[in-house]
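Heads up, the thing below is written out as structure tokens.
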Protein chains: 2
Amino acid sequence: MAGRSQKKTTSHPLEDFKVGVDNIIFSVDTTQNRLLVLLVMRQEEPFRDRWSLPGTLVRQGESLEEAAYRILSEKIRVNNLYLEQLYTFGGPHRDPRESPESYHVRYLSVSYFALVRFEEAELIADGVTGIAWYPLEQVPQLAFDHNQILKYGYQRLRNKLEYSPVAFEVLPELFTLGDLYQLYTTVLGEGFSDYSNFRARLLKLGFLCDTGKKTSRGAGRPASLYRFDAEAFAPFKDKPLVFV
Amino acid sequence: MAGRSQKKTTSHPLEDFKVGVDNIIFSVDTTQNRLLVLLVMRQEEPFRDRWSLPGTLVRQGESLEEAAYRILSEKIRVNNLYLEQLYTFGGPHRDPRESPESYHVRYLSVSYFALVRFEEAELIADGVTGIAWYPLEQVPQLAFDHNQILKYGYQRLRNKLEYSPVAFEVLPELFTLGDLYQLYTTVLGEGFSDYSNFRARLLKLGFLCDTGKKTSRGAGRPASLYRFDAEAFAPFKDKPLVFV
DNA sequence: CCAAAAGTGTTCCTTTTACACCCATGG
DNA sequence: CCATGGGTGTAAAAGGAACACTTTTGG
């Protein structure tokens, strides 16, 4: 970015912006095999009483990422999370507040996409704002262009799962290969790979270490608990690794 | 983006932004096997007389993408190009103009990454601004955080080449498989695949059609001219296709 | 005829896919 | 003892890597 020919400024006035950050917060409910996204009910105009992605306007001295973390921490309490910038939506007319009276202040949205651990994510209800996890297929019509943003974010989530170890950011410290497989299945859909092949590939890569501990959940043979070994993963960083 | 609790505005004033768009414009000089990036010499403060990525501030009523195209068309004349949004850099203190006197106006940069056809890209020299293609390895220290942005863009370019058909956006309508291979080689580096394997894979995919025409460049057997068949490529859209 | 570039084919090896089958536990 | 999920193995097919070889041109 940055300083251009000021001479042309007179004939082509610059736009003034408010910058918003919107978060797509995903989590996976492994008990019900559902991919969830966090929505909040808007309390004020425009789009009052419509569901929307949790967002905020950037404050003085605050970085974009800081703003993204701020929203997150206002809505949920969580220990582990993955967060990355998604895309910037900035065309004119995407926010009704830009209408004539507000005289050339434009609203631009930098969207972030997050993945949190469902089991430990505690929603913060402030008694005023509606807030809820929505299964992805049941998301209603949202405020602004948020449906579009969400669609884009879902795409990104699927890509990330395939070639980066985001899954381990949202699994418990110790997990079974069944847990891992189920997470992949609910996000990527059935049939991306069968369990035994998935299992074999992951184990061969060598960054999952068997802790020896076993866990038993109802019927069936107890499963080994694994841990993601970040050290062992390091060599794969930035490589075109494929998890599926 | 969009409207949040206005009640908190008093204690936490919002930031006002100017939004800039910076372009990383790549091209490949196949005659010299070099990957080039377009730089312009800054004419005003800050960073006067430093090379930088071509950029502009967004004008009233202009979308981000429009601004990106505007820069491009001010700097080069070109028919074919590929353009996509890269990343948004928006931390405070990335632009010296944010300093005390300018009173909370922040400069945010939405970067775009473009690939143009070198042979037909005609630089527009306005007699004032320096403008030049730089081989990637020879890029000097740039203004702002532009070296960082460039690094990120180069990464993206390599990824794009591997799993999407961007190459065909910058090759002539008719091209030889040698041309294609050379483009991949200069961007990805020697040894990403040998020619005959590269060739076999691409042809098997079936979206390159042999026009029957031949071209002869100096010594050696004349090469067939191929055309990229967008129709035939359609089924691969969004698939995890690999070109190398 | 030779060098240079285009184009074809073959061999070896690794990975992927689709299964079948064994193991350990709760009821 | 059997249903349930965990875990192992294997055979066939596909894909990748390396390299040898043929073809067609200019000089």
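Note that these values count all heavy atoms, side chains included, but never hydrogens, waters or copies made by symmetry. In what follows, chains carry the letters A, B, and so on, assigned in the order in which the sequence lines appear, proteins first and then strands, with residues in each chain numbered from 1.
Distance OH (Tyr181(B)) to C1' (dA5(C)): 13 Å, rounded to an integer number of Å. Phe175(B) places its CZ atom 18 Å from the C1' atom of dA5(C), with the value rounded to the nearest Å. Atom-to-atom, CD of Gln182(A) to C1' of dG6(D) comes out at 14 Å; the value is rounded to the nearest Å. Rounded to a whole Å, the CD atom of Glu162(A) is 13 Å from the P atom of dT16(C).
For the pair Trp133(B)/Phe118(B), a side-chain contact is recorded, criterion being any heavy-atom separation below 4.5 Å from C-beta on.
Proximity of residues 183-203 of chain A to DNA chain C (heavy atom under 4.0 angstrom from any strand atom) is restricted to Asp194(A), Ser196(A), Asn197(A), Arg201(A).
Heavy atoms from other residues, nucleotides or ligands lying under 6.0 Å from CZ of Arg227(B) number 12 at most. With a 6.0 Å radius and a threshold of 12 heavy atoms from other residues, nucleotides or ligands, Lys151(B) has its NZ atom at or below the threshold.
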Between N or O atoms, less than 3.5 Å apart, protein on one side and nucleotides 22-27 of chain C on the other: list the pairs.
| unit_1 | atom_1 | unit_2 | atom_2 | d |
| --- | --- | --- | --- | --- |
| dC23(C) | O4' | Arg221(A) | NH1 | 3.4 |
| dC23(C) | O2 | Arg221(A) | NH1 | 3.3 |
| dA24(C) | N3 | Arg221(A) | N | 3.4 |
| dT25(C) | O2 | Gly220(A) | N | 3.4 |

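In summary, the side chains of Ser224(B) and Lys214(B) do present a donor paired with an acceptor at a separation below 3.5 Å, with no hydrogens or angles considered.
Contact detail for Asn23(A) and Ala68(A): the closest heavy-atom pair is ND2-O, 3.0 Å.
Residue Phe228(A) forms a ring-ring contact (aromatic ring centres under 6.0 Å, His included) with just one option from Phe233(A), Phe175(A), Phe236(A), and that option is Phe233(A).
Judged by a 6.0 Å distance limit and a 45° cone about the ring axis, Arg158(B) is positioned over the six-membered ring of Tyr154(B).
Tyr181(B) and Phe192(B) have their aromatic ring centers within a separation under 6.0 angstrom.
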